[in-house]
Amino acid sequence: SGFASPTQHVLEKSEVASSNFIMKLKGAHELLSFFRPVTCRRKGEQTLIPCHVGEDLNTTECLENKCCPSKTSHELKCYMPFKDNMQLIFRLLVLVAVGFLILGCLPFCCCACLQRSPCVNPLRRANKEIEQIVWKRRARSEDTYGLLPD
């Protein structure tokens, strides 16, 4: 009873693969829904389109199927949500503003990182002549300390 049959292992692997695929689809759907905002608020003379899952649903079932509940003439109806253009404009403006902010800060970040790099900034490189002078002075100082008695 402690051993699983080979078919059970195959089923478990396929279940994991299908759950990963479903998670990727949900992520893609959330990304697309960011650029397609909807609302249940009716403006002006917009016509109500019945929801694709049915009209005779209670409020919870209607909301679970991403439809809008409406209470008209003593019965609950489910209708498709409307496109929210104002929300789309607001989201796009925020996205563009963040993009410009990142593009504005990018040169300063690059300059700060590259300024410390000795291969890009010539002032950070060691000067050969000065390096030779320092080595000569160190050699002289070691010679003078070597001549002193202990």
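In this chain, residues are counted from 1 in sequence order.
- Within the 4.5 Å cutoff, the side chain of Leu63 has heavy atoms near those of the Thr59 side chain.
- Distance NZ/Lys128 to CD/Gln132: 9.0 Å, rounded to 0.5 Å.
- Across every non-hydrogen atom of Pro37 and Leu88, the tightest pair is CG-N, 3.5 Å.
- Here the straight-line distance linking atom CZ of Arg91 with atom CZ of Phe35 works out to 9.5 Å at 0.5 Å rounding.
- Looking at heavy atoms from C-beta onward, Tyr79 lies out of side-chain contact with Cys51 at the 4.5 angstrom threshold.
- Leu95 and Phe90 fall into different hydrophobic clusters, where Ile, Leu, Val, Met, Phe, Trp and Tyr are joined by side-chain heavy atoms under 4.5 Å apart, directly or via other members.
- Note that the CG atom of Asn85 and the CG atom of Leu92 stand 10.5 Å from one another [nearest 0.5 Å].
- Between atom CZ of residue Phe82 and atom NZ of residue Lys43 there is a gap of 10.5 Å, rounded to the nearest 0.5 Å.
- For the pair Thr39 and Lys83, the minimum side-chain heavy-atom distance is 4.5 Å or more.
- Going from atom CD1 of Ile133 over to atom CZ of Arg138 covers 13.0 Å, rounded to the nearest 0.5 Å.
- Under a 3.5 Å cut-off, the side chain of Gln87 and the backbone N or O of Asp84 do not form any donor-acceptor pair.
- Scanning both residues, Arg41 and Gln46, for their nearest heavy atoms gives O-OE1, 4.0 Å.
- Cys pair Cys68/Cys40: SG-SG separation is below 2.5 Å.
- Between the CD1 atom of Ile102 and the SG atom of Cys109 there is a distance of 10.0 Å, given to the nearest 0.5 Å.
- No donor-acceptor pair closer than 3.5 Å links the side chain of Arg137 to the backbone N or O of Ser141.
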